Number of protein chains: 2
Amino acid sequence: MKIGELSKTSGCSIQTIRYYEKEGLLSEPERTEGNFRLYDVTVLKQLEFVKHCRSLDISLIDIKRLIDLKNKPEESCSSVNALIAQQLALVNKRMKELKALKNELQQMASTCNSDNTIEGCGIIKSLDS
Amino acid sequence: MKIGELSKTSGCSIQTIRYYEKEGLLSEPERTEGNFRLYDVTVLKQLEFVKHCRSLDISLIDIKRLIDLKNKPEESCSSVNALIAQQLALVNKRMKELKALKNELQQMASTCNSDNTIEGCGIIKSLDS
DNA sequence: ACTTGACCCTATAGTTACTATAGGTTTTAC
DNA sequence: GTAAAACCTATAGTAACTATAGGGTCAAGT
Ligand SMILES: [Zn+2]
Ligand SMILES: [Zn+2]
Ligand SMILES: [Zn+2]
Ligand SMILES: [Zn+2]
């Protein structure tokens, strides 16, 4: 199949597919005489793998590491485990930050009833301090 | 004071201060004969305002809007309120996403005891499906 | 055979909020 | 007088895409 069909089947945009290829996350496909990319079905699995990783917010560099690890099926999976643990730690950290943000924003919002001038607005006062 | 001192006092890097100025978040300071930026104390308040907004993850564009609103103290503060509400909605959305991420990552991590080959690793299996 | 339109190609610029150089000028201290 | 420290502008890099610009290829219809 050509890239347009792969794009529709996978739900990835054409540019993203080409970008993933450039970054080494997809193997380079064959080309037609006219230089069009020509994919076989195996690339769909690769692309799904990448998409699944991205949905977990794993960086492209880490996805590449995972792909490299996948190609060494005999080795220990401890690196895989470490990578996921690190990703989890990142998510936990961001969640903490977001909770703090949420608290402060909520408190700020509660000081404003929208029925005021900017000069007297509690939100602006909070932001000024 | 010159930019180095402002940087130390405020905790913003020199480049960041110049960047904020370029983006219109700080008023342009006077210059010495030799073209060095020369600040008076009022800029510190401006910078603190920006920093406080950034700590709430408000985008530079929205900070600029807030600054513009601040300069119209007689107007209604409903725009301010709306902007903060929107920011809160954004944070809530990201928190939901992060929770889903965390769940999936945790579940994946639980399928791996690090004592396996990559071929048999539960994490890799999850990512493949 | 020829044209039109859909599809494809590469290369480049834009996005956000900075950070980091490169290459140069000014000030300050000795 | 000179050397270091501080400053200046302009430009490139970061992450993961998205969006053009300016082409080439291919299938269908006339
Ligand atoms: Zn999943
Ligand atoms: Zn208000
Ligand atoms: Zn605060
Ligand atoms: Zn494992």
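Here is the naming used below: chain letters follow the sequence lines, and residue numbers restart at 1 for every chain. Quick caveat: nothing in here was measured; it's all calculated off a predicted structure.
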Closest listed nucleotide, where the reference is the side chain of B:I14 and the choices are D:dC7, D:dC26, C:dA20:
D:dC7
Mind checking what makes side chain to side chain donor-acceptor pair (under 3.5 Å) contact with B:S78, not counting sequence neighbours?
B:S76
More than 12 heavy atoms from other groups under 6.0 Å of CG on A:L44
yes
Rounded to the Å, how far apart are A:E33 CD and D:dA27 C1'?
15 Å
Quick check on DNA chain C: between B:D57 and A:K8, whose nearest nucleotide comes earlier from the 5' end?
A:K8
Taking five pairs at each end, how big is the angle between the two axes of the helix from C:dA1-D:dT30 to C:dC30-D:dG1, to 10°?
30°
Atom pair distance, as rounded to whole Å: OH in A:Y39 and C1' in C:dC7:
14 Å
Could you check whether B:I61 gets within reach of a base, just the sugar-phosphate, or nothing at all, counting any heavy atom under 4.0 Å?
nothing
Distance to the ring centre below 6.0 angstrom and angle to the axis at most 45 degrees; does that hold for B:K70 and B:F49?
yes
OP1 or OP2 of C:dT16 versus the side-chain N and O atoms of B:Y19: is any pair under 4.0 Å?
no
For the residue pair B:K102 and A:L88, what are the closest heavy atoms and their distance?
O-CD1, 3.9 Å
Length of the CE-P vector between B:M1 and D:dA6, whole Å
16 Å
To the nearest angstrom, the CD-C1' distance between A:E23 and D:dC17 comes to 10 Å
Rounded to whole angstroms, how far apart are CG on A:L6 and P on C:dC7?
15 Å
Considering all heavy atoms of both residues, which atom of B:I58 and which atom of B:I63 are nearest to each other, and what is their separation?
O-CD1, 3.5 Å
Does A:S13 place a side-chain N or O at less than 4.0 Å from the phosphate oxygens OP1/OP2 of D:dT18?
yes
5'-most contact on DNA chain C: B:L60 or B:Q15, nearest heavy atom basis?
B:L60
Atom NZ of B:K2 and atom P of C:dT27: how far apart are they, to the nearest Å?
8 Å
Nearest heavy atom decides the nucleotide; on that basis, is A:F36 or B:I3 closer to the 5' end of DNA chain D?
B:I3
If you look at every strand shown and take non-hydrogen atoms under 4.0 Å, does A:R54 touch a base, only sugar-phosphate, or nothing?
sugar-phosphate
Is any side-chain heavy atom of A:M95 less than 4.5 Å from a side-chain heavy atom of B:K99?
yes
Give a yes/no answer on whether the side chain of A:R37 brings an N or O atom under 4.0 Å of OP1 or OP2 in C:dT10.
yes
Considering only heavy side-chain atoms of A:R31, the closest of C:dC8, C:dT10, C:dT27 is C:dT10
A:I17 CD1 - C:dT10 P separation (whole Å):
13 Å
Would you mind telling me which of C:dC18, C:dA17, D:dC26 lies closest to the side-chain atoms of B:T16?
C:dC18
So does A:L56 get a backbone contact from the side chain of A:Q87, meaning a donor-acceptor N/O pair under 3.5 Å?
yes
Using whole Å, report how far CG of A:N35 lies from P of C:dA11.
10 Å
Mind checking B:R18 for me? I need base, sugar-phosphate or nothing, with any heavy atom below 4.0 Å counting as a touch.
base
With nearest nucleotides of DNA chain D determined for A:G34 and A:Y20 from heavy-atom distances, which residue corresponds to the more 5′ nucleotide?
A:Y20
Would you check, one step at a time, whether the test salt bridge (Lys or Arg N to Asp or Glu O under 4.0 Å) holds for B:D57 with B:R94?
CA-CA 12 Å; B:D57 220 14; B:R94 284 205 304 240; 2.7 Å; yes
